[in-house]
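Just below is one structure, and these are the notes that go with it.
Throughout, protein chains are lettered first and strands after them, A, B, ... in sequence-line order, and every chain is numbered starting at 1. The basis for the numbers below is simple: all heavy atoms, side chains too, and nothing from hydrogens, waters or symmetry mates. Since this is a predicted model, take the numbers as computed values, not measurements.
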Amino acid sequence: MKIYEELQARGLIAQVTDEKEIRELVNNGKATFYIGFDPTADSLHVGHFMALCLMKRLQMAGNKPVVLLGGGTGMIGDPSGRTDMRTMMTPEIIQHNIECFKKQMARFIDFGEDKAIMVNNADWLLELNYIEMLREVGVHFSVNNMLRAECYKQRLEKGLSFFELNYMIMQSYDFYYLFKNYGCNMQFGGDDQWSNMLGGTELIRRKLGKDAYAMTITLLLNSEGNKMGKTAKGAVWLDADKTSPFEFYQYWRNVNDADVLKCIRMLTFLPLEQINEMDKWEGSQLNDAKEILAFELTKLIHGEEEAKNAQNASHALFVSGTDDSNMPSTEIKEELLVDGVINVLDLMVECGITKSKSEARRVVQQGGVLIDDVKVDSIDQNITKEQLKTGVKIRKGKKTYHKAFIN
RNA sequence: GGAGGAGUUCCCGAGUGGCCAAAGGGGGCAGACUGUAAAUCUGUUGGCAGUGCCUUCGGUGGUUCGAAUCCACCUUCCUCCA
């Protein structure tokens with residue numbers, strides 16, 4: 001099975017401009033393709049990860065990836081599929097985010113000798129001359145067409161500024177620029193990028209009379225139709241400081257039954273034969289599939305050792321309930337103790353398990369807090385210094401564990 | 001530039017002088033049931049204390065014994081006209 005067929009089998013391909021040509025180029029390692037990453041935060045997240053995986057797969061098949069960092073487009077912000085305008089970022093933040101992206105990407109993509117290129121569109125976008133740009137590029141865009149794009153639909157109801165409308169033109173210009181200067185003949189991206197990408201192929205055709213191709217990656221949606229990789233607290237980050245390997249592991253460990261196999265197929269590098277076997281699993285057996293998913297992904301992002309740690313911690317907590325070596329922990333300062341003790345509620349707030357004492361009180365009253373596996377039945381309960389010296393295991397609900405200790 | 005409408009708690013959204021820490025829904029959290037899943041049911045969802053206080057309805061002032069609610073100015077957004 002060749003790479004294009006494999007991508008298809010994994011369900012990664014959403015839309016393509018010319019299937020025959022793309023298959024031909026990709027399968028024979030003749031593609032130089034780019035994917036753009038706008039520096040919207042100081043860490044990559046799961047959505048980026050999919051794109052990076054795709055890059056890696058294609059790179060392994062002999063194609064040449066171009067990573068495009070959006071130092072210029074980030075100054076605008078892509079309005080596609082959004083209900084509100086993004087907050088404008090200062091150039092300093094953009095630069096900082098780019099640096100963070102670079103570090104994380106180097107883990108996945110081999111940038112060695114002519115194997116991959118990294119560019120920043122700030123290098124050409126920032127020095128564009130407005131009038132020249134309008135005359136050279138602007139003439140080729142029909143506002144009527146742009147507004148018809150599906151991705152602007154929501155924005156046409158709530159308002160879309162001229163500023164943001166230009167994003168599509170910038171992205172199209174990027175493709176044109178890379179085509180001309182780097183021989184980049186293909187662009188990949190999330191499915192929400194489809195219109196922007198078509199803008200690029202169209203521009204290349206009009207200006208140079210040549211064909212370039214675009215392909216989008218299926219958005220990773222759960223069975224309810226929501227984007228995956230988001231929690232109530234925000235995105236699931238790849239940066240260990242923003243989402244710890246344990247949290248990352250747990251996120252995937254807890255995906256819906258209906259979504260496990262899809263995730264394994266789309267996100268992991270496990271061979272398809274093995275995945276097809278797992279497809280037959282049902283009921284509680286899916287729990288094993290979830291473990292595999294969680295382990296494989298944690299391994300890809302944080303390395304094998306961290307993945308093992310996360311898995312051990314998870315087993316310890318949910319299966320045997322003994323080992324607490326990888327539990328998040330907080331050191332309690334001795335000044336916080338009054339008469340050698342600290343109140344449970346204060347302790348929980350101190351550890352960040354709850355946001356306020358009121359919240360802590362509620363959870364305790366609802367019977368959701370255990371200290372060293374013993375249910376706390378009074379909000380007046382105190383923890384002694386002696387207990388803290390050996391370390392206290394606090395459990396809130398089923399999934400939040402925390403260790404508090406004193407030195 | 002002109003005319004109208006809107007801004008409420010994490011989100012959506014009710015509330016047009018006291019009964020408002022503010023309906024309802026979503027989401028979150030906890031409990032039951034389970035497989036660390038889903039669905040379902042129950043409780044809870046500003047803060048600090050414990051039956052009272054403090055802060056909150058875009059912002060700043062004002063009217064009033066009392067303001068999310070009335071008035072003035074400012075601000076942001078939306079719709080229509082140019």
Pairing partner of A21(B), by Watson-Crick or G-U wobble and under 3.5 Å for both distances, is none
Footprint ends on RNA chain B, 5' to 3', for atoms under 4.0 angstrom from a heavy atom of chain A, come out as G28(B) to U79(B)
Whichever of G397(A) and I379(A) has the more 5' nearest nucleotide on RNA chain B, that residue is G397(A)
In Watson-Crick or G-U wobble terms, with both distances under 3.5 Å, the base opposite A3(B) is U79(B)
Quiz prompt | Whole-Å P distance, G62(B) and U16(B) | solution = 26 Å
By the Watson-Crick or G-U definition, both distances under 3.5 Å, C73(B) is matched with G59(B)
Residues 137-148 of chain A vs side-chain hydrogen bond (donor to acceptor under 3.5 Å, both in side chains), sequence neighbours excluded, gives N145(A)-R148(A)
As its Watson-Crick or G-U partner within any shown strand, both distances under 3.5 Å, A67(B) has none
Interatomic distance, CG@L44(A) vs CZ@F37(A), rounded to 0.5 Å, equals 7.0 Å
Within residues 347-367 of chain A, those residues having any heavy atom closer than 4.0 Å to RNA chain B are S356(A), K357(A), S358(A), R361(A), R362(A), V363(A), Q365(A), Q366(A), G367(A)
If you look only at distance, which donor and acceptor atoms sit under 3.5 Å apart when one is on a side chain in residues 261-275 of chain A and the other is two or more places apart or in another chain?
{"from": "K262(A)", "atom 1": "NZ", "to": "L221(A)", "atom 2": "O", "distance (Å)": "2.5"}
{"from": "R265(A)", "atom 1": "NH2", "to": "D279(A)", "atom 2": "OD2", "distance (Å)": "3.1"}
{"from": "T268(A)", "atom 1": "OG1", "to": "I264(A)", "atom 2": "O", "distance (Å)": "2.7"}
{"from": "T268(A)", "atom 1": "OG1", "to": "L270(A)", "atom 2": "N", "distance (Å)": "3.4"}

Check ion pair K56(A)-D110(A) (N to O, under 4.0 angstrom): no
Residue pairs passing the salt bridge (charged side-chain N to carboxylate O under 4.0 Å, His left out) test with at least one member in residues 234-252 of chain A, sequence neighbours excluded, are D42(A)-K242(A)
Residue set satisfying side-chain hydrogen bond (donor to acceptor under 3.5 Å, both in side chains) with Q8(A), at least two apart, ordered chain then number -> E19(A)
Hits for side-chain hydrogen bond (donor to acceptor under 3.5 Å, both in side chains) against E304(A), two or more places apart or cross-chain, chain-then-number order -> none
In Watson-Crick or G-U wobble terms, with both distances under 3.5 Å, the base opposite G50(B) is none
**Request:** For G13(B) and G4(B), measure between their C1' atoms and round to the nearest Å.
**Result:** 22 Å
Rounded to whole angstrom, note down the C1' distance from C11(B) over to G27(B). 7 Å
By nearest-heavy-atom nucleotide on RNA chain B, the more 5' of V369(A) and L286(A) is V369(A)
Residues passing the side-chain hydrogen bond (donor to acceptor under 3.5 Å, both in side chains) test with Q104(A), sequence neighbours excluded, are S43(A)
Residue set satisfying salt bridge (charged side-chain N to carboxylate O under 4.0 Å, His left out) with D191(A), at least two apart, ordered chain then number -> none
Across all chains, not counting sequence neighbours, the side-chain hydrogen bond (donor to acceptor under 3.5 Å, both in side chains) partners of T201(A) are none
Residue set satisfying side-chain contact (heavy atoms from CB on, under 4.5 Å) with M75(A), at least two apart, ordered chain then number -> P91(A), I94(A), L126(A)
What residues 255-265 of chain A contributes to the RNA chain B interface at heavy-atom separation below 4.0 Å is V255(A), N256(A), D257(A)
Partner of U40(B) under the Watson-Crick or G-U wobble criteria, both distances under 3.5 Å, comes out as A32(B)
